[in-house]
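Here the structure is laid out as structure tokens; the discussion comes afterwards.
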Amino acid sequence: MRKKYFDFIIHGGDYNPDQWIRTKEIWDEDIRLMKLAGINSATVGIFSWGILEPEEGVFCFDWLDEIMEKFRKNGIAAILATPSGARPAWMALKYPEVLRVNENGIHNEYGDRHNHCLTSPVYREKVRTINRALAERYANHPALKMWHVSNEYSGECHCELCQTAFREWLKKEYNNDLNLLNDKWWTGFWSHQITDWSQISSPKDRGENHFSALKLAWRRFVTDSHISFFENEISPLRQITPDIPFTTNLMGLYGGIDYQKLASHLDIVSWDNYPDWCTGDNLYTAAQTAFVHDAFRSMKQGQPFFMMESTPSVVNQRPVNKLPPPGMQTLTALQAVSHGADSVQYFQWRSSRAGHEKYHGAVVDHRGHENTRVFREIARTGNLLSGLSQVTGTLCNSKVAIIYDWENARATEYFSGFNNKRRDYAGECVRWYMPFYKRGISVDVIAMDADYSKYDIVIAPFLYMLKPGTEERISTYVKNGGMFLSTYLLGMADRDDRCFTGGFPAGELKTVFGIEHEETDVLPEDAPGKANFNGVTYPVEHVCDIIRSTGAAVRGTYITDFYSGTPAVTENSYGKGSAVYVAFRSSDVLADDVCAYIINKTGVMPDTDIEYSGIEVRRRGDFIFCLNFTQENKTVKLKSSYTDIISGKTLSGDINIEKCGFLILKG
Ligand code: GLA
Ligand code: ZN
């Protein structure tokens with residue numbers, strides 16, 4: 001795996017010159033403006049299949065040749081897209097199988113984007129053909145620096161081709177053994193015995209939608225369908241342009257595809273980042289965004305990621321599309337870089353004149369010139385990024401990991417029982433991320449089957465499902481000296497959502513944690529309970545396990561309800577390490593206090609000596625980023641001397657950072 005592909009931070013975004021084919025003079029103006037904005041790269045052709053192949057087998061590359069040539073002459077790195085995200089009308093009409101069938105069995109008509117069957121041999125062949133043609137045409141073009149494969153893979157198809165593929169996939173998954181499948185899926189429940197593979201079809205409301213094992217299997221199949229669709233897409237690229245890296249842009253914590261699995265197929269992991277600034281607490285939005293950056297960085301350990309999209313100003317798809325205040329765009333960019341992004345890219349370079357996204361923010365808006373607030377801010381960002389090239393390829397050395405696992409995320413949604421509302425697995429993970437975020441301690445966000453050995457602390461909120469091997473992985477980690485913290489409903493079910501027998505948490509984990517789970521209570525929202533930890537009282541919100549200590553030290557107990565006096569927080573020594581169990585959901589305050597306790601115990605240090613004051617502080621390489629996402633002026637206390645890379649001045653003591661402002665320090 002290469003650590004980095006570029007020696008500078010890629011600054012660019014989606015560029016659609018083909019929409020302006022009738023007024024081509026605008027293309028030169030685009031190049032002039034790109035230079036002015038410090039743009040060094042552009043992503044072209046994302047949804048261009050209609051113009052690239054106007055008739056079956058007839059390719060039209062003239063416009064793209066011209067654009068690529070302009071990029072070459074002007075030192076702009078071309079990120080060339082494969083166009084499979086949307087298809088030409090002729091194809092859909094001639095080969096209806098390329099279109100999706102929805103879960104109600106309705107065959108979609110031509111239209112929209114991301115509306116293709118993942119299995120269709122015709123579509124896969126058409127994709128290979130256009131991708132081969134693109135790769136052959138531009139393989140030796142000096143502007144070509146990277147591939148952007150398709151766009152935001154998502155959704156699923158329920159057509160007969162996909163149903164057959166699903167059954168074939170199941171045969172492989174369950175060793176061609178229906179008996180095994182019936183056992184793992186516990187099909188004796190509600191007369192679900194399966195006597196022939198053909199009896200299985202995708203989950204849907206008008207059929208089977210209360211069958212978590214089937215739903216989990218379908219999700220895995222959909223992930224694998226995307227992976228095989230992707231591998232099909234890139235087969236000509238791998239062959240013809242083996243030195244050009246490729247990515248596909250992912251969508252935050254989108255649950256339809258297991259990104260932690262897909263990531264291993266990508267050269268570069270990238271995602272599209274659209275924080276909803278100024279509609280709630282910006283500090284929380286910043287922490288949530290930081291969490292997702294860390295998740296993408298952690299997917300390919302040892303390698304930075306790309307922020308493939310972000311908005312230069314506003315989005316158009318939310319019920320309320322609030323304009324982020326001046327400065328927020330630069331902060332969004334710097335935050336990505338500080339967490340390990342080697343790119344800052346936008347959707348989109350220029351506003352389209354019409355179409356669904358014409359009111360989405362763009363670097364160049366409908367006025368078409370550079371004298372705009374947004375353009376000036378992008379140019380400022382470009383200028384800053386050009387001074388940060390040194391960070392490319394560098395990473396954060398995290399001593400703490402939080403497990404956010406894509407498969408567990410689905411499992412926690414699909415089962416019925418306990419708290420059927422507000423499961424909010426992601427929210428719980430962010431809650432336990434926050435104490436580290438605030439202290440400037442770098443965190444990796446990993447899957448449950450990642451390597452824990454390099455971390456001093458591993459936190460697993462609501463780790464309900466255990467993949468094979470996870471129990472041993474946790475045991476070994478703690479035995480070897482690790483600090484493992486878990487919260488309620490740990491280790492209840494296997495990957496087919498079949499409960500573990502013999503008590504929870506599963507198997508050896510009972511010994512690792514020194515506890516046994518007995519029951520789980522769920523409290524109405526307006527009637528929280530209470531528990532204490534190290535002598536302080538905290539609310540018990542929503543869900544709590546009633547547990548018994550079989551050896552763990554009790555650090556806190558419930559003080560309400562019939563289980564008052566029973567353990568609520570425990571800590572157990574196992575081998576050389578410790579396992580902490582927080583049996584209930586509570587406020588951020590409890591998470592903060594428990595984390596302070598384990599941070600103190602393990603001696604994990606923040607990445608800088610700058611204390612939290614409502615400003616995000618991150619170190620990447622030699623740079624320290626202090627980012628003020630709030631709408632108030634704030635002060636950072638610099639205990640040592642640093643160089644402000646913008647003014648070149650030496651700074652120490654109390655430094656004011658204005659709202660939406662930042663400091664980039666060296667030292
Ligand atoms: C996504 C898509 C883009 C565009 C933006 C708008 O990220 O990839 O094509 O639709 O959203 O925010
Ligand atoms: Zn299909």
Side-chain angles (χ1 to χ4, degrees), residues 12-16 18-19 43-49 79 81-87 92 95-108 112-124 127 148-169 201-202 204 218 221-222 224-226 228-229 232 247-254 257 270-277 292 296 306-319 321-322 324 329 332 345-352 355-363:
D14 289 21
Y15 176 43
N16 304 302
D18 38 326
Q19 289 180 14
T43 309
V44 270
I46 296 186
F47 295 113
S48 303
W49 205 338
I79 301 182
T82 67
S84 67
R87 66 227 45 80
Y95 306 104
E97 73 162 57
V98 305
L99 298 175
R100 280 185 191 172
V101 171
N102 73 15
E103 64 152 65
N104 293 318
I106 294 170
H107 200 157
N108 287 356
D112 227 317
R113 58 176 177 175
H114 303 156
N115 176 15
H116 56 270
C117 171
L118 293 159
T119 309
S120 157
V122 171
Y123 197 56
R124 287 188 177 208
V127 168
H148 174 293
V149 177
S150 200
N151 192 70
E152 292 192 339
Y153 281 137
S154 52
E156 58 196 39
C157 173
H158 296 256
C159 77
E160 273 315 310
L161 291 167
C162 288
Q163 303 292 355
T164 306
F166 180 41
R167 288 170 202 133
E168 291 308 310
W169 180 92
S201 63
S202 57
K204 47 184 84 77
W218 172 252
F221 163 73
V222 171
D224 286 353
S225 303
H226 276 101
S228 85
F229 187 86
N232 172 72
T247 189
T248 185
N249 51 336
L250 309 178
M251 299 182 287
L253 302 184
Y254 170 71
I257 302 171
S270 72
W271 79 287
D272 299 343
N273 176 29
Y274 293 97
D276 198 1
W277 298 122
V292 185
F296 282 100
F306 271 30
M307 180 167 76
M308 210 68 198
E309 288 181 23
S310 58
T311 180
S313 62
V314 73
V315 295
N316 71 316
Q317 65 273 43
R318 298 200 170 112
N321 297 294
K322 171 102 189 72
Q329 187 284 318
T332 307
Q345 290 160 276
Y346 308 112
F347 179 85
Q348 51 194 337
W349 166 252
R350 185 185 275 279
S351 303
S352 16
H356 182 64
E357 295 182 318
K358 59 182 170 298
Y359 298 124
H360 192 289
V363 182

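Ligands are counted one by one from 1 in listed order, and the atoms in each one are counted from 1 as well.
- A donor-acceptor distance shorter than 3.5 angstrom exists from the side chain of H148 to the backbone of S150, with no hydrogens or angles considered.
- Counting the atoms of ligand 1 from 1 in the order shown, those under 4.0 Å from a heavy atom of E309 are 1 (C), 2 (C), 3 (C), 5 (C), 7 (O), 8 (O), 11 (O).
- Ligand 1 places these atoms under 4.0 Å from at least one heavy atom of N151: 2 (C), 8 (O), 9 (O).
- Numbered from 1 in the order shown, with element, the atoms of ligand 1 that lie under 4.0 Å from a heavy atom of F47 read 9 (O).
- When each of E156, E103, Q163 is checked for a side-chain hydrogen bond (donor to acceptor under 3.5 Å, both in side chains) with S202, only Q163 meets the rule.
- Of the protein's non-hydrogen atoms, E357 OE2, 3.2 Å is the one closest to atom 4 (C) of ligand 1.
- Between the H360 side chain and the S313 main chain, no donor and acceptor come within less than 3.5 Å of each other.
- Looking at N316 next to ligand 1, no N or O pair under 3.5 Å apart turns up.
- Taking the six-membered ring for Trp and the full ring otherwise, W49 and Y123 have centroids separated by under 6.0 Å.
- With hydrogens and angles disregarded, no donor-acceptor distance shorter than 3.5 Å links the side chain of N16 to the backbone of D18.
- Ligand 1 places these atoms under 4.0 Å from at least one heavy atom of H360: 6 (C), 12 (O).
- C117 contributes SG and C162 contributes SG; the angle these two atoms make at the Zn ion (ligand 2) is 100°, rounded to 10°.
- Each of the atoms 1 (C), 2 (C), 7 (O), 8 (O) of ligand 1 lies under 4.0 Å from some heavy atom of E152.
- For the ligand labelled ligand 1, residue R113 lies inside the 4.0 Å heavy-atom shell.
- In terms of modelled atom types and a separation under 3.5 Å, the side chain of S154 and the main chain of E152 share a donor-acceptor contact.
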